[in-house]
Structure formats: C-alpha cells, structure tokens
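Lettering of chains follows the sequences in order, A, B, ..., and the numbering in each one begins at 1. Just so we're clear, the structure is a prediction, and the values are computed from it rather than from any experiment.
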Amino acid sequence: MKTNRLPDGPYNHKEHEEKILKNWLDKKMYKPEFNPETSEVMSLEEMKKDSRTPWSLICPPPNAYGRPHIGNLSGYAYQDAMARYQRMNGKKVLMIPGKDHAGLEGEGVFVREVLEKKKIRKFDLEREEFYNMMMEFNQENMKKALKDEQEIGLSADFDRNLFTLDERVVDIVLSTFVKMFDDGMIYKGVRIINWDPKARSTLADNQCERLEREGTIYNLRYPLVKHRLWKINFYHEKILNSIRDGSKTVESRVLNPDEPDRFFGDIKAGDDLICFDKNKGNHLHMKVKAVRVYEDSNEFFKREDFSKIYTNKNDVPNSYDEMIEQYEKLADGYGEKLKKNGAIAIELEFPVKPSELQNSEFIEVATTRPETMFGDTAVAVNPSDERYKDLIGKKVIIPLANREIPIITSHRVEKDFGTGALKITPAHALDDYQIMLEWNEQINNIPSSRRVDSTEGGRREVLSSSVLEKIGKIGYINVIGQDIQLHGPVPEKYKGQVYMKVMPEIIKDLEESGALVKTEKLMQNILISERTKAIVEPMMSSQWFVDVERLKEPVIDMVRNVSEDGHPRLRIHPENMEKAFYSWMENLRDWAISRSLWWGYRMPVWYAGEVEERINDEGEIQSVINIDGEWITLDPTNKDHMRVQLEKPEASSWHQDDNVLDTWFSSGQWPFATLTVFGLMDTFYPTDVMETGFDILENWVSRMMMFSHITQDDIPFKDVYLHGLVKGTDGQKMSKSKGNLVNIDEVREQYGTDAVRMVYFYQNSAGSDYAMTFDKLKNFKQFNNKIWNASKFVLMNLEDMKEEDKSVYDLKESDLKIDEVKALYNHVIETKEHITKNIEDFEFGLATSNLYQNFWHEFADIHVEALKPLIYTFKDKETGETISEPKAEEKAEAQKVLLFALKTYLKMLHPFIPFVTETIWSAVPKESGDYESLLYTKW
RNA sequence: GGGCGGUUAGCUCAGCUGGCUAGAGCAUCCCGUUUACACCGGGAAGGCCAUAGGUUCGAAUCCUAUACCGCCCACCA
C-alpha cells in the first residue's frame, strides 16, 4: 500500500465530482447486490441469501413532469445520508428511486406547457393519443431528473428506477382497488365536490386556492309560511257547482272567516288578493297559485299539505266536521254556513311584496350567491340567537321558487355576520353541506337521548327533540350542473342557462318581487382552481369513496402502540407531528378517489352501456345507464350494469369508467408496489425509513400506512423523517416575485455539491424550515477546502510511516504515551460517539454542526497544531538553526493517531459530503475494514 | 376562532430530565502568519436567555398568563 499525496492547491470540486460519481455508478456500488469484497454484483438470489442485515428506503417519487426542485433534492440528501451511514455499518442497503405521474397537476402542466404552446386543445385529442403524448413528455423529463438525482449524490439503485404508471405498478394498484371493492371498502356515493368547470374535473381541496375579490352581498326576504293558512276558503254550494260547470260567469269570491258575509272578489290563478290576518290584524298581499275544487270536503283534509298550514300539529282537524266545530268557536253561525258548502282550496303564493311585510313575517338572509337559492333546503340561524328564537322550526318560502323550507339551527352560523340568518344550499356550498350533515346527524340521534345537546365553543345548543322531530332531516337540491347551467327545480325562464348570464335577470326579478331589500359590496374569498384559475363550483356528484372508518384505528395504533423496545412500532420525527397526525386521522372523512382526468390509473370499473349523470326536475343526481338504447337508473350492485375487475368484460358494448384514481391512491401503495415489482418484499418489507416533506404527512404518509394495513397487514416503514422547507436566500419562502430563488445548477457549479448538501443538513432539525443562503454556501465551500488541506497535511507527513504502523483501528488509549496524542485520540473517540448518536437519533443538523466545529476548530486548529512539533523539524527563519526536532518514537505515535483521526473523520463526514471525502479517501492508506471506496468502508 | 412550534449575541443555531461566570459558527474589530490551508491562525467585543408573575436554596430550563413570529386546520354566507 502506497500513500498518495494530494495535489497542491485548493479543493476543486469540478475536477473530482464527476469522476467520483462515474465510478460509483459504473461499478453499480449503489445496488444491494454489490459485493464490496469482490467489487462484483451478485445475483438477486445471492443477495437475498447474503447474511448482511437488510435496510431499505423507498424514495418519495417527485413529479415526473419536471426536474426535482430544491426541496426534492434536500430530501434526497437526507435519504442518501441515512443510506450511506447504514451501508457503512455493513447493511445491504436498498434505495429505490422513482417518479410520480402527479395526476391532476401533471395533466395541468402538460396541457399548459406542451399542448397550449402547440395550440392544441385537450378535447381535440383522443384519450389514448393524449395519454401517449403525455407519457412521452414525461419519459423525456424523467431522464433529465434522473441526472439531477445522481448528481446530488443520491446513492439509490438507479437500475430499479420506477415510474408510477409502469405497467407492473398499475396492475398492483388496480388489484388493490378490486380487492377493496370486493371487501366493501370502496363504494360509489354522491357527495359534494369541487368542480373545475374549465378542466371539467373534480379538484381536491388542496388543489384550490383562495382569491380575495370584491363581491356583492344581497339581503333577501324569505316570507314565513304561516300566511298560507289563508289558502283555504269555503264557498256556497252554488259557486262550487258553477266552477264544476266550467262556467265563466260565476262569481267566485273569497270569504273572510272573520267576516263570513263579505266577499272580496273573483278569484282565479294569478290573481292578487288582499286578505286579512286575524292574528296580526293586518292585511296581506297574496297571489293565487291555483284553484282546486273538492267534491267531497273530507278528501281535502286527507291532503298532506293541508296539515302543514297549521303551526301546531294538534290543531289540525281530522275531518270536515271537526273543522266546522273549530270555526263555530270563532264566530256565531259561521260553522253553520260552512256545513252547507263544499270546499275549495286556493293555494296562495307568498305575499306579493315581501318588502312590505312586518318584522315577524319574514326572515332576512344575506347571500353572495342568490342564484343558488333555488337549491335552498333550509335557513339556518345560530341556536343562541335571541332574535330568531321563536322562528326555529317554522317555514319560509323561497322567493321566485315558491318552495317551503324550514328554519333550522347551526352553531356554524355567525350571529354577527349579515343578518345572522343563512340560507342553506347543501348542494352548492361546502359549509352548507356540512351544516346539513350535522343537522341530519342530530335528527338521527334523537331516539338515543331525549334532548340533543351539542356543545361548541363553550356555548350550549339545546333544541328539544320534539322540535327536531317536527323539522326533520333536510336534503339537498342540485340546481347547477357540470355545465354551470341551471337545472332542476328552477323557474322555467332560467332553466338551461349559464347561471352567471341569468344572474342579472334573477336579481331584477327578486327586486321586483320585493324580496331583494339591500345590496352591499364586500371583500370575499372565492375558491379558484390552482391550475386553470377557473372559479370552483361546489356541486354534488357521484364519486368513488374509500370507507376510512375501519382504517382509522389500526393506522393510529401503528404510531400509538408501543412495541417491546419501548418505542412506537412506527416513529414520526419530529415527535410533535404525532399530534397533528392523530387529529387528522381521527377526523378523517371518507376519501373521494375518483378524478375526471385522462392522466392516471383509469378505474377498473366497467359499465354495460353509456353512463350519464343527470339532474332531474327534483334536483336529484341520477346515474343512468343506456342499455339496449334505453336509459335506466344505474344499479351498481347489478353485475349486468356494472363490474369491478381488471380486464374488460367480453361483450364489446361494455366500456370503462372515465375517471382515473386520485394520485394518492397509487402513491399510497408505493412502498410495497415498488418492492413487489422487483420481487424484494420478502427481504426488504417493511422498509426502514420514509423520508419526506412534513407537509405531506397527512396526504401521503398516512395513506401509505392505510394501504400497508389493508394489503400487508403490517407497517410500511419503521421511521418517518419529515424534513422542513428550504427557504430562499433571504430566509423567506422561495418565490419568483421575491427574487430569492436559488438556481441549483449555478450553486452547485460555484460551490460544489458537498457545500449544497451541507446547507441542507447543517443546524437543521426535522420539521423545521431553513434558508439556503450564500453565506452558508461560501462557508461550506471553505469547509470542504479545509478538509482537503488538513488531509493533505496529514497525508504528506505520513509518507515515512512503516507499513505495519498503518493499521490504526485497534489503537487503544493505553498504547499512547504522549499527552497531546492521547488528547487527539480521545477527541476522535468522543466525537465519533456523538456523531453516531446524532445520526441514530435522526439529528442530522447536530451531527453536521458537530462535525464542522470539531473537524475545523478542534482537530485542525488545536490538535494538529499541537502535534506539529512531534512530526517535523522547526527551524529559525533567519538563522536556519534547528529549534525542535521530532523523536522517531514520538513521531510514529503521532502519525498513527493522525492517520486514525483522518480516517475516522472522513468516514464520519462521508454520509453528508460524499464527494470530497471519497476523493481524499483514494489517497489514504487502507487496512482491514477499509475498501477502495468509502461507500462500504466500515463506520 | 382551534391546534402545534418558536422567541437565547447583528445573523444561523446549541444548551438533554432545573446546578460552575449562558455556548458555537458566521459577520464585526484588532493582531498575526507564508515548511496544509488567506477558502489561514490567534484574540477581542457582543446577551436583563420576549414580557410579567409563580414554584425552588437555585430558573434560559418547570408552571401560569401576555405579546410577537411561523406553520397547520377551520373559515363570515
């Protein structure tokens, strides 16, 4: 073994990095099959049988459409440091790199960056054509990305680089879908979704962004229904007969119960009427909706809507006779008169001018979206709001739509905002949808307790169960379709029109009817699509869901339950993220997994004919299927309608669901999907570490845990390390507008890869953000140079060492005689203990700052300086006289410990700054436990 | 509004279950050095440990409030 000198001059990363990397890659040293003894690559079977402990980490796959950004690269640095450390500890290390197709975002980028530039519209292409073009685009990008990964030093098995849309992965992922469907864990249901009308696709919540803009808030009066008591009037027999004849000359008149003999005039549908409210003593303006004649009076009482006109259920008469009794009490002789007559029901619309109503006769709601009022199913007030206390449970009429809806309560309603009354449109507002769910849940709970209490923010909300029962559940009514036109139970004149276009007309009609009493400007947040910037329309749609209820507990237990060693089976670093994880898991609602895209895993769902989603006249979403030319309601349980299976059913008429799966559905299976593809499950599952950004703990990490539970009945990994965000040069979040972006190519060129990597590690801890500053980069470039120079110095002073002295690993403190040498020896031993502990504890920030401090300011500045007199002759500058001269014995001892220190430091530094350490290592004398490359050299 | 974390030198951060005069690096200033390194060495200056209470023989450390900063969640229709 010959000691090489390091060349003079500063460390020049440009000279070495490429060569070093090429060597690692050419020799396939990153593969678990690499045998450091022989420098050869074993077969898969040999590797599996190999006795080294397996260690595996599946790299989180970044989006395939672009180059990995600085944050992805920081992740690679952490993953790599862990892998290198484990490899040096004698484990067979597997790291699998990959790329994600990034469903919605991926498709968005492709449409924007590629198609739009070629002036092609997505829907001008066939689905397959689009898919193939996009696949090609992604394949091109992935090649570039692979280079970035390699250049940052990621020591992953690049032969096993895998794309999420690889055929082999697709099979695994879709099989899970089929299995879960068969087990009843996946179902199809209707739920509110975010609809991007431009992309014609469903959006996940985090694919929407908020935009503040000026909007208008409209105050609308919804009249109370109690006035409809007036819809019943009674007539003389002769009038009834005239109407039966269809004779137009007959005088039909409204009878006022308080003034039985007074007639107000003729009535027919569309007439305006003035009636007298005996309770309030005032007159009401009404419009006749219809005139119906009942030959048998008792028939009338059987009508369901009749019972609704009484505010108190007990007051509803059961028969004509009973009603006459009631009226007897009102006025002498009145009942007598009624007996002689038949009955006519006159259905009245709400009072003509709601603006003329008295305070107690309407409820005023504030809304920014009046067009959704046709889909209102309730008005909600805060339960503690004194103003509305007496109105709870009563009914109001939706202006223009003339439909009755109840007044309910919800703690979500802010008393102080607007009028304190909120119109509820569950089909088109997320919040309203929540209110509906909560309200209906309350109704469901009635039998279990007499009173329903719900506590929120210290306030107690108490509604008696009889009130709840009377109001009942509320539903939802769809009025805006995916075409953003009005559908369902909306007045004919607006139907089928884009809602934004008819808005002015609706406003005008509201104004004329007197329902619109006030408009005001305000700043409001609206949701827009992150990608297309289109306004997001919340609407109901039938979607595929994963039932998460039975996954919650086992997944939470992975972290909460402690195994034999006193640690959770699955540990999250930093620990305080556990709380966020628990609360996310506990509050999880069923996960919607279908997306209306072309890019992704098309759902393995087959229909026997064309399927459409429609809004019927009642505002219900209906899935209909075209079988033999006839549209019938789709029955998902009927195998002749729908099947869930991987392969297409034989008959050619069957066709596949248009939707693709949510990206997380596939990336959630990534750990075992990758290992399964390569036949490595038996050796490497569960994996050891998952390293990813803290922002996707919920979205991704928890999903991997769920899928691992479902398919493997095991944890997917033992430790999760969550890294923070890399911020810009000024410590702010990186953004183009701030001009604080860091160009990774330039920075690597100027400071070297190792310096960039040091910035990722130094002084950082799991979950916290940190800045990539030029100060730090410069500093670490100098640090690498310091390592270079100190190593050069040590090596040049070892040249006269005896071969047998060059085995330094079994040195003991007791072998050493000189205090300065002992001090260095102990320093190295202590430092190594610290660093080892830091790495085992995932404290890379501490490990690197310790290394920086100790190597430079302890080892180089103090210890090396202290040993100088022991290894070379000091001469007086001027006279040339010898001041001190080393003794051979002392020199040998010092040399041994210097070599020991250098080698140990290079090993400790290698996981973090692999290039400079590997470069120096090639010049260092080797001994047992060492290899030509530091990669496998024993820690 | 709810939750989590933070607040220590100009900057970036250590400081574990309370115990020497509160530490590093960078930056600053001064001095020095060319037999590894000017991408160097030595030294100096710099802190009421956010604020106010409390527990204790003793608090940067534990407790309680407050303020400010950051992030996450829910958001005013």
Side-chain angles (χ1 to χ4, degrees), chain A residues 5-6 8-12 205-206 210 215 217-220 365-370 372 379-380 410 412-425 428-432 434-435 456-458 522-527 574-584 587 694-695 697-698 724-725 727 731-733 751-752 755 759 762-765 767-771 773-776 778-797 837 841 843 845-846 848-850 852-854 856-858 860-862 864-865 868 871-875 877:
Chain A
R5 229 181 219 273
L6 291 177
D8 279 343
Y11 173 66
N12 181 359
D205 289 346
N206 54 9
R210 279 167 206 284
I217 185 162
Y218 303 88
N219 280 25
L220 302 176
V365 298
T367 180
T368 53
R369 298 201 62 188
T372 64
V379 168
S410 168
R412 285 174 185 263
V413 179
E414 300 272 334
K415 275 190 280 191
D416 303 328
F417 187 88
T419 60
L422 174 62
K423 72 182 201 60
I424 302 299
T425 322
H428 298 293
L430 207 67
D431 209 33
D432 294 2
Q434 285 302 335
I435 290 173
E456 185 70 27
L522 88 167
M523 291 311 290
Q524 58 168 348
N525 279 321
I526 55 162
L527 275 188
E575 221 172 301
N576 63 39
M577 288 273 184
E578 281 176 14
K579 281 184 195 167
F581 172 75
Y582 292 145
S583 73
W584 155 270
N587 295 316
F694 71 94
D695 50 330
L697 170 66
E698 289 91 351
L725 208 71
K727 297 202 175 170
Q732 301 286 309
K733 200 169 176 170
Y751 300 97
V759 178
Y762 186 75
Q763 285 189 347
N764 299 141
S765 53
S768 26
D769 302 343
Y770 55 96
T773 65
F774 293 116
D775 269 1
K776 290 185 191 171
K778 188 176 155 226
N779 200 211
F780 294 127
K781 187 184 177 184
Q782 291 175 186
F783 177 55
N784 292 331
N785 192 50
K786 185 72 189 180
I787 296 169
W788 174 260
N789 279 306
S791 305
K792 196 199 307 177
F793 174 78
V794 171
L795 290 173
M796 80 170 53
N797 282 293
K837 185 174 188 309
D841 291 345
E843 302 265 26
L846 283 179
T848 45
S849 51
N850 280 335
Y852 179 92
Q853 170 66 15
N854 286 328
W856 198 328
H857 301 292
E858 297 286 329
D861 288 350
I862 297 174
V864 172
E865 290 304 321
K868 275 183 179 173
I871 54 174
Y872 63 65
T873 309
F874 276 97
K875 286 181 180 169
K877 259 184 284 173

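- In terms of the salt bridge (Lys or Arg N to Asp or Glu O under 4.0 Å) criterion, residue partners of A:Lys837 (sequence neighbours excluded) are, by chain and number, A:Asp841.
- For A:Phe780, the ring pair (Phe, Tyr, Trp, His ring centres under 6.0 Å) test picks out A:Tyr762, A:Tyr852, with sequence neighbours left out.
- The phosphate of B:rC40 (OP1 or OP2) has no side-chain N or O of A:Trp856 nearer than 4.0 angstrom.
- One interatomic measurement links the two molecules: CG of A:Asn850 to C1' of B:rG15, which rounds to 12 Å at whole-angstrom precision.
- Heavy-atom minimum distance, A:Val413 versus A:Gly420: CG1-O, 3.4 Å.
- Partner assigned to B:rC16 is none, using Watson-Crick or G-U wobble distances below 3.5 angstrom.
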Between the protein and nucleotides 75-77 of chain B, are there any N/O to N/O pairs under 3.5 Å, and if so, what are the atom names and distances?
| from | atom 1 | to | atom 2 | distance (Å) |
| --- | --- | --- | --- | --- |
| B:rC75 | OP1 | A:Asp431 | OD1 | 3.2 |
| B:rC76 | OP1 | A:Asp431 | OD2 | 3.4 |
| B:rA77 | O3' | A:Thr368 | N | 2.6 |
| B:rA77 | O3' | A:Thr368 | OG1 | 2.3 |
| B:rA77 | N6 | A:Glu414 | O | 3.1 |
| B:rA77 | N6 | A:Phe417 | O | 3.0 |
| B:rA77 | N1 | A:Glu414 | N | 3.3 |

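- Checked against side-chain contact (heavy atoms from CB on, under 4.5 Å), A:Ala421 has the following partners two or more places apart in sequence or in another chain: A:Ile363, A:Val365, A:Val379, A:Val381, A:Tyr388, A:Thr419.
- Both A:Tyr770 and A:Gln853 lie close to RNA chain B; mapped to their nearest nucleotides by heavy-atom distance, the more 5′-ward contact belongs to A:Tyr770.
- Remark: the separation of the P atoms in B:rU56 and B:rU61 is 16 Å, to the nearest Å.
- Taking atom NE2 on A:His857 and atom C1' on B:rG43, their separation rounds to 14 Å, with Å as the unit.
- Contact detail for A:Asp769 and A:Phe694: the closest heavy-atom pair is OD1-CE2, 3.7 Å.
- No hydrogens or angles were tested; on distance alone, a donor-acceptor pair under 3.5 Å links the side chain of A:Lys786 to the base of B:rC37.
- Nucleotides B:rA65 and B:rA9 place their P atoms 26 Å apart, quoted to the nearest Å.
- Note on A:Ala860: a base of the nucleic acid sits closer than 4.0 angstrom, heavy atoms only.
- Between the CZ atom of A:Phe694 and the P atom of B:rG3 there is a distance of 20 Å, given to the nearest Å.
- When the salt bridge (Lys or Arg N to Asp or Glu O under 4.0 Å) test is applied to A:Glu865, the partners found at least two apart in sequence or on another chain are A:Lys868.
- With a cut-off of 3.5 Å on both Watson-Crick or G-U wobble distances, the partner of B:rA67 is given as B:rU7.
- Nearest to the side-chain atoms of A:Asp861 among the listed nucleotides B:rG42, B:rA24, B:rA36 stands B:rG42.
- Pairing partner, B:rG1: B:rC73, with both Watson-Crick or wobble hydrogen-bond distances short of 3.5 Å.
- At a cut-off of 3.5 angstrom, the base of B:rA14 holds no donor-acceptor pair with the side chain of A:Glu843.
- Side-chain N/O atoms of A:Tyr872 include one lying less than 4.0 angstrom from OP1 or OP2 on B:rA36.
- Among the heavy atoms of the strands, none lies under 4.0 Å from A:Phe783.
- Using P as the reference atom, B:rC11 and B:rC48 are 13 Å apart when rounded to the nearest Å.
- With both ends at atom P, the span from B:rU64 to B:rU28 equals 43 Å, rounded to whole Å.
- Among residues two or more places apart in sequence or in another chain, the salt bridge (Lys or Arg N to Asp or Glu O under 4.0 Å) test is passed with A:Lys423 by A:Asp376.
- For the pair A:Glu698 CD and B:rC4 P, the interatomic distance rounds to 15 Å; values are reported in whole Å.
- Contact annotation for A:Lys781: base contact, defined as any heavy-atom pair under 4.0 Å involving a base atom.
- Partner assigned to B:rA44 is B:rU28, using Watson-Crick or G-U wobble distances below 3.5 angstrom.
- Residues that satisfy the side-chain contact (heavy atoms from CB on, under 4.5 Å) test with A:Ala771, not counting sequence neighbours, are A:Lys727, A:Thr773.
- For the P atoms, the distance linking B:rA50 with B:rG15 amounts to 15 Å, nearest Å.
- Every ring pair (Phe, Tyr, Trp, His ring centres under 6.0 Å) that A:Tyr872 has, sequence neighbours left out, goes to A:Phe874.
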When you compare the protein's N or O atoms with those of nucleotides 10-12 of chain B, which come within less than 3.5 Å of each other, and at what distance?
| from | atom 1 | to | atom 2 | distance (Å) |
| --- | --- | --- | --- | --- |
| B:rU12 | O2' | A:Gln763 | OE1 | 2.7 |
| B:rU12 | O2 | A:Gln763 | OE1 | 3.0 |
| B:rU12 | O2 | A:Gln763 | NE2 | 3.1 |

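- Nearest heavy-atom pair across A:Gln763 and A:Thr848 is N-OG1, 4.1 Å.
- Here the side chain of A:Asp775 is nearest to one of B:rC4, B:rA36, B:rC26, namely B:rC26.
- In this structure, A:Lys868 reaches the bases: a heavy-atom distance under 4.0 Å links it to at least one base atom across the strands shown.
- Using N1 to N3 plus N6-O4 or O6-N4 for Watson-Crick, or N1-O2 and O6-N3 for G-U wobble, each under 3.5 Å, B:rC62 pairs with B:rG54.
- RNA chain B is contacted by both A:Val864 and A:Ser583; A:Ser583 maps to the nucleotide lying nearer its 5′ end (nearest heavy atom per residue).
- Using atom C1' as the reference point in both B:rG6 and B:rA45, the two lie 28 Å apart (nearest Å).
- Comparing B:rU51 with B:rA14, their C1' atoms sit 24 Å apart, to the nearest whole Å.
- Atom C1' of B:rG46 sits at a distance of 12 Å from the matching atom of B:rA27, rounded to the whole Å.
- A donor atom on one side chain and an acceptor atom on the other are not found under 3.5 Å apart for A:Lys781 and A:Asn784.
- Taking atom NZ of residue A:Lys792 and atom P of nucleotide B:rA36, one finds them 10 Å apart after rounding to whole Å.
- Here B:rU21 sits opposite no nucleotide as a Watson-Crick or G-U wobble pair (both hydrogen-bonding atom distances under 3.5 Å).
- Scanning both residues, A:Gly9 and A:Asn789, for their nearest heavy atoms gives O-OD1, 4.4 Å.
- Counting to the nearest Å, the C1' atom of B:rG6 and the NZ atom of A:Lys727 are 12 Å from each other.
- Note: CG (A:Asp695) to C1' (B:rC73) measures 14 Å, nearest angstrom.
- Remark: P of B:rC73 and CE of A:Met577 are 11 Å apart, rounded to the nearest angstrom.
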